[in-house]
There are 2 protein chains.
Amino acid sequence: MESRVEEKLNEFHRRCKSNGLKITPQRIAVYKALIESFDHPTAEEIFKQVRKEMSTISLDTVNRTLQTLIRIGAAFQVEGSGQPRRYDGGLEEHQHFRCIQCGAVIDFHYEPFDNILVPEHLAGQFTILRKSVYFEGICNQCAGHKQIIN
Amino acid sequence: MESRVEEKLNEFHRRCKSNGLKITPQRIAVYKALIESFDHPTAEEIFKQVRKEMSTISLDTVNRTLQTLIRIGAAFQVEGSGQPRRYDGGLEEHQHFRCIQCGAVIDFHYEPFDNILVPEHLAGQFTILRKSVYFEGICNQCAGHKQIIN
DNA sequence: CTCTGTGCAAACACTTTGCAGCTAA
DNA sequence: TTAGCTGCAAAGTGTTTGCACAGAG
């Protein structure tokens, strides 16, 4: 339980080294705050958390560190958050693919995704208004000639 | 093909009336631009589009109109867009539920969702880096206060 | 010692708000 | 006529950038 975090921190240490990044107290603190938070914090929330222990840290550093963590694969960004709002005329049943490079959201439709079942244990906890399958990746325009099939 | 838009506009007309909203040229123009756009435009993109025909419209009106459309159910907001960025330490395989009222993102895990298949026709079009099931709704904390009626 | 990382402040992007005049009903 | 809508401008929130100093390696 406690060792889980230890383990993660060690892995993080290795990951920084292999990416040529320095291990700074700020980076460790931000990473620790992130993996210890039970929900999905904003930069502001992490900033407040870290500042309890390290009163001199700045919000910019938190923002920059989070970007760095994403770049080395130590953190992820929750789907679509932090992008300008995008709208949907609701013409047809469909799902969304978002290009993480240009930000475009492109529809696709795959019938089996139209009726996703809500797991029973969630039905009691939340009022679910919308269920969707959401893919992220690189669109062909951005990919240029490179084509990677996953 | 052309009548599809006509039909939608009529329905929109009805929907405005039944919600006690006035039918203004701006509203029609914004709605039309939205349903005619093939991807998922931002307010700015709709603004540019509408301005070609109606040079006096303001970006605020577009923003406000889009909110109105959402309120009466004539448009939707693409999952999670327009929220401050949220981060994820990537500890375990999981899916996300987002409360549209307080913005919290809460994890849940339902094994059948762990390995969603990418439909074949997409594999050629995009490089898919992330596949997820995403639910939106009202969390229990927020449910106490208000209830959204559609 | 060197060069990356940090803190600060200013700039930037997107959205929201207050207000006065305009217009659909 | 009049409540609701629009355009404008200013303010608010979240993120990014430029720079000089500090600290990890």
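Throughout, protein chains are lettered first and strands after them, A, B, ... in sequence-line order, and every chain is numbered starting at 1. Everything numeric in this text was worked out from a predicted model, so none of it was measured.
- Of all nucleotides listed (C:dT17, C:dT16, C:dT6), C:dT6 comes nearest to the side chain of A:Arg64.
- Taking the centre of each ring, B:Tyr134 and B:Phe97 stay at or above the 6.0 Å mark.
- Note: CG (B:Leu59) to P (D:dC8) measures 11 Å, nearest angstrom.
- We find that CZ of B:Arg51 is positioned 17 Å from P of D:dT6, with the value rounded to whole Å.
- Using modelled atom types, one finds no donor on one side chain facing an acceptor on the other under 3.5 Å when comparing A:Thr68 with A:Thr65.
- Salt-bridge formation is not detected for the pair B:Glu79/A:Lys131: no Lys NZ or Arg NE/NH1/NH2 atom is positioned less than 4.0 Å from an Asp or Glu carboxylate oxygen.
- Looking at heavy-atom distances under 4.0 Å, B:Gln67 makes contact with sugar-phosphate atoms alone, never a base.
- Put simply, B:Thr24 has a side-chain N or O that comes within less than 4.0 Å of OP1 or OP2 on D:dT6.
- Atom NZ of B:Lys17 and atom C1' of C:dA25 are 9 Å apart (whole Å).
- Atoms CD (B:Glu45) and P (C:dA13) sit 15 Å apart, rounded to a whole Å.
- The distance from atom CD of B:Glu44 to atom P of C:dT15 is 9 Å, rounded to the nearest whole Å.
- For C:dT6, neither phosphate oxygen OP1 nor OP2 lies less than 4.0 angstrom from any side-chain nitrogen or oxygen of A:Thr61.
- The separation between A:Gln77 atom CD and D:dT15 atom C1' is 12 Å, rounded to whole Å.
- Within 4.0 Å (heavy atoms only), A:Thr68 reaches no atom of the nucleic acid at all.
- Contact of the B:Lys8 side chain with the B:Lys32 side chain is not registered, since no non-hydrogen atoms from C-beta on lie closer than 4.5 Å.
- The CG-C1' distance, from B:Leu66 to D:dT6, rounds to 15 Å in whole Å.
- When rounded to the nearest whole Å, the span between CD1 of B:Ile72 and P of D:dG4 equals 15 Å.
- Dashed line: the shortest gap from a side-chain N or O of B:Gln26 to OP1 or OP2 of D:dG7 is under 4.0 Å.
- Side-chain contact, A:Gln83 with A:Arg98: a donor N or O sits under 3.5 Å from an acceptor N or O.
- Checking A:Leu21 against A:Thr42, the closest nucleotide of DNA chain D that is more toward the 5' end is the one next to A:Thr42.
- Distance from the side chain of A:Lys22 is smallest to C:dG5 among C:dT17, C:dG7, C:dG5.
- Nearest-nucleotide positions on DNA chain C for B:Pro25 and A:Gln83 put A:Gln83 closer to the 5' end.
- Neither OP1 nor OP2 of D:dG14 sits under 4.0 Å from any side-chain N or O of A:Arg85.
- Comparing B:His13 and A:Arg86, the nucleotide of DNA chain C nearest to each residue sits closer to the 5' end for A:Arg86.
- Considering only the side chain of B:Ile57, D:dG7 comes nearest among D:dT15, D:dT6, D:dG7.
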